[in-house]
Structures are given as C-alpha cells and as structure tokens.
Amino acid sequence: MTTRRTFLNQSALAACALALPVTAEPTITGSQSLKAQAHKRGLLAGCAVGAANLREPDFTQVLIDQYSLVVPENALKFGPLRPSPTEYNFADADALVNFAHDHKMKVRGHNFVWHEQLPAWFAATVTKENAKQILTTHIQTVASRYKGKIQSWDVVNEAINPSDGLPDSLRHSPWLQLIGPEYLELAYRTARQADPHAKLTYNEYGIENENEADRTKRAATLDLLKRLKAANVPIDALGIQSHISAGSGQTWGNGLRDLIAGAQSLGLEVYLTELDVNDDAVLGDDTAARDQQVAAVYRDYLAVALENRAVKSVLTWGITDRHSWLNEVKSHREKMPNRPQRPLPFDPDYKPAPAFFALRDALAHAPHR
Ligand code: XIL
C-alpha cells in the first residue's frame, strides 16, 4: 500500500534523479580545476597561449577555468615583436598580458634572447659593433613596458648545445657569434635593472630524459648556471621545457632529480615551462590507447619532477590538441601528416583527455610547497 509518506518520499527521489544528468561527467572546474589543485600544493598551473586563441570562446573558457599562469607562445619573441629595427609591435603581447591581468592570472615572459624566431632584417642589420646596443635596448624596452606584470622572464632560451663543439658547450647562436659568451651576463643584468621583481630564468630543453645526450646537456646546463651564479649574475630560476615523448622508450629518474637538486643548491627555483607529450612513436592508431600512453608519460614524468619543492610551476605548451606546435614540426608533418598529435590536457573538442586527469592527480599529490 502506498501511504502519503512513501508517496512523498518516492516523488522526492524521482525529482532528485531527474535533476542528475544521465551520464555524470566528472567535475573539473572550481575546486576540481588544475589551478585549484595546484594552489593547494603551493604550485601554479600554467599554459602557453597564442594571441589568436583569445578569439575562441571555448579556449578562453578553459583558460579561465583551469589556469593561474600564462605565457605568450610567440608574442614576446624578438621576431614577432620587431617588424623593423626601429619598430615594436606590442599588440598581441599587450592583449595577452591584459587578458591575464583581467582574470587574475600571472604571466611568464618568453623570451629575450634566442637563436630562433629572429626577424628577417636581423642578419643584415646586427653587427659586432651594434649587437650589444641592440640587445640591451630590446631588453630595456620590452622589460620596462611590462615591468611589475611579469612573474618570470625567460631571459635566455636554449643557449647550450654540446654537439656544436664550442667551449662550455655554448650553442653557436647569432648572439654568441656577435657578442661572445658575455651576451648571457649582459642580458641578465639588463633585465634585472629594467624589471627588478621578475624572476629571471634560464630556459632549456633536452635535459629531461635518462639518456646520454640529455645527461651531457644537463651537466653543461648546470655548469653554465654555476658560472653565472659565481659571477653574481642575477638569475633566479631554471626552466625545464619538458617536451617529452611517449612510445620512445624514454624514462625519467635520477638524472632529472639531480638536475633539479643541482639548481636548488644554487638557490634557484625550477619551473616546468613547456610540457607536452609527442606521441609520434606510439604504435597503432587507436586514439584511446594513444591517449592512455600520453597520460602515463604525464604521470611518470611529473611523479619525478614534482618531488622537489624547488619546482614551483607546471606549464603545458598549449591547452588543447586542436592547437599544438607539434603538428607544425617538420618531422611530424613528413612522417604522420594524417595522425595529428594528442600531446595536451584537452582533446581537439576541449574535452579533458586522460592527460588532464594525470596532470591534475600529479598536482594534487605533489608535496606541499
Ligand atoms: C614554438 C611555438 O609554439 C610555435 O608556434 C613557433 O612556430 C615556434 O616556436 N621551445 C620554445 C618555444 O622555447 O618558444 C617553442 O615555441 C617550442 C620549443
């Protein structure tokens, strides 16, 4: 018999059931977002953003929901900023910095000195006579414009390349050829003067994996940092780019631990600045299986990389597989033009991929900073 009480209870239950979605999606916003989980551990969760990405509402929604730190993907590089020797084009960088400010996100600056993405006019215009002047004016101009708004600046990017065979394993970069090894010190001193509160960072790739090439490059990178510190050059952090791969047999362990501990013992903070997982080497085209392998790499890498409290932030190079630089890289286009990479936390439709959950778990379980 249905009493009035059981009828009311049943109706209440039915109403509750109706209110629930048929298949409950896992919650990933608010307290369950990357930035909230990172924040609980004293970490920042960041990503690289292109100025064009800001015109895509799906992109900006995920950005606002998930991240506490952004880095312009290209807008602050020398080439994009400098259409001619006398002009600066700040439009894209301003848009990104303003967006971050409006949404209470911190900003990384990337970068002042690099051997790539130099403008077409560079080779014909920059000489041994004027190179120091051009370098310091560039840094002063850009750093001053964003003074107080940048949490950390990649002052120098990728200065080490042991295979070039030069002293101290320095890369045979245009800046080295024009100025000599003192370009490094000059860049850091100029940046410190222009924006005293930004954490001045040295950013490098190919120093993550347990293999011979990475071992050599790690040693050279630590030697460079030691020399800079010994000469009282103002430097505050090491950026480990973290472009890593799945299916390639790479592993992460004591080499990475020792690199982070080495930077820490020099008084530096450490940032994982450009994390993504190249999956070209994963066999088989099954998307779900590829995603699982990519996620496993996020898990394994971050388990080691986040052990040390010197590591203060994790940034992925993009947020969605819809827009990843890895799909533009020549070797990928030649080898796998019809198999777009799936390197990032969100899939091409902005759904959280297994990598999202691996990243969030790693942040959530990192030791407290
Ligand atoms: C990449 C950008 O993502 C691309 O859009 C651009 O065409 C080339 O540069 N290491 C770095 C980044 O330090 O600046 C690079 O960004 C990726 C590798």
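Starting from 1, each residue takes its place in the sequence as its number. Atoms within each ligand, like the ligands themselves, are counted from 1 in listed order. Only heavy atoms go into these numbers, but all of them, side chains included; no hydrogens, no water, no symmetry mates.
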>> Pair Phe122, Trp175 - check ring pair (Phe, Tyr, Trp, His ring centres under 6.0 Å), show working.
In response: CA-CA 11 Å; Phe122 191 91; Trp175 294 111; 5.1 Å; yes
>> ring pair (Phe, Tyr, Trp, His ring centres under 6.0 Å) for Trp114 and Phe78? Distances and angles first, verdict last.
In response: CA-CA 8 Å; Trp114 194 25; Phe78 200 111; over 10 Å; no
>> Does Lys132 form a side-chain contact (heavy atoms from CB on, under 4.5 Å) with Leu186? I'd like the steps, not just the answer.
In response: CA-CA 8 Å; Lys132 280 188 181 174; Leu186 183 64; 3.7 Å; yes
>> side-chain contact (heavy atoms from CB on, under 4.5 Å) for Val70 and Phe99? Distances and angles first, verdict last.
In response: CA-CA 10 Å; Val70 296; Phe99 182 92; 6.0 Å; no
>> Run Asp236 and Arg192 through salt bridge (Lys or Arg N to Asp or Glu O under 4.0 Å) and show every step you take.
In response: CA-CA 10 Å; Asp236 308 302; Arg192 179 68 98 220; 2.9 Å; yes
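Counting heavy atoms only, Gln117 comes closest to atom 8 (C) of ligand 1 of the residues Glu204, Gln241, Gln117.
Those atoms of ligand 1 that come under 4.0 Å of a heavy atom in His110, given as number and element, are 11 (C), 12 (C), 13 (O), 14 (O). Proximity to His243 (heavy-atom distance under 4.0 Å) selects the following atoms of ligand 1: 10 (N), 18 (C). Here is the list of ligand 1 atoms found below 4.0 Å of a heavy atom in Lys77: 1 (C), 2 (C), 9 (O), 12 (C), 14 (O), 15 (C), 16 (O).
At a heavy-atom distance under 4.0 Å, only side-chain atoms of Asn157, from C-beta outward, approach ligand 1. Counting heavy atoms under 4.0 Å from ligand 1, residue Trp317 touches it through the side chain alone.
With Asn327 contributing its side chain and Gln341 its backbone, the two residues share a donor-acceptor pair below 3.5 Å. A donor-acceptor distance shorter than 3.5 angstrom exists from the side chain of Thr127 to the backbone of Asn130, with no hydrogens or angles considered.
When hydrogens are left out, the protein atom nearest atom 10 (N) of ligand 1 is Glu274 OE1, 3.0 Å; that is the closest non-hydrogen contact. For atom 5 (O) of ligand 1, the closest non-hydrogen atom on the protein side is Asn74 ND2, 3.0 Å. Counting only heavy atoms of the protein, atom 2 (C) of ligand 1 lies nearest to Glu73 OE2, 3.4 Å.
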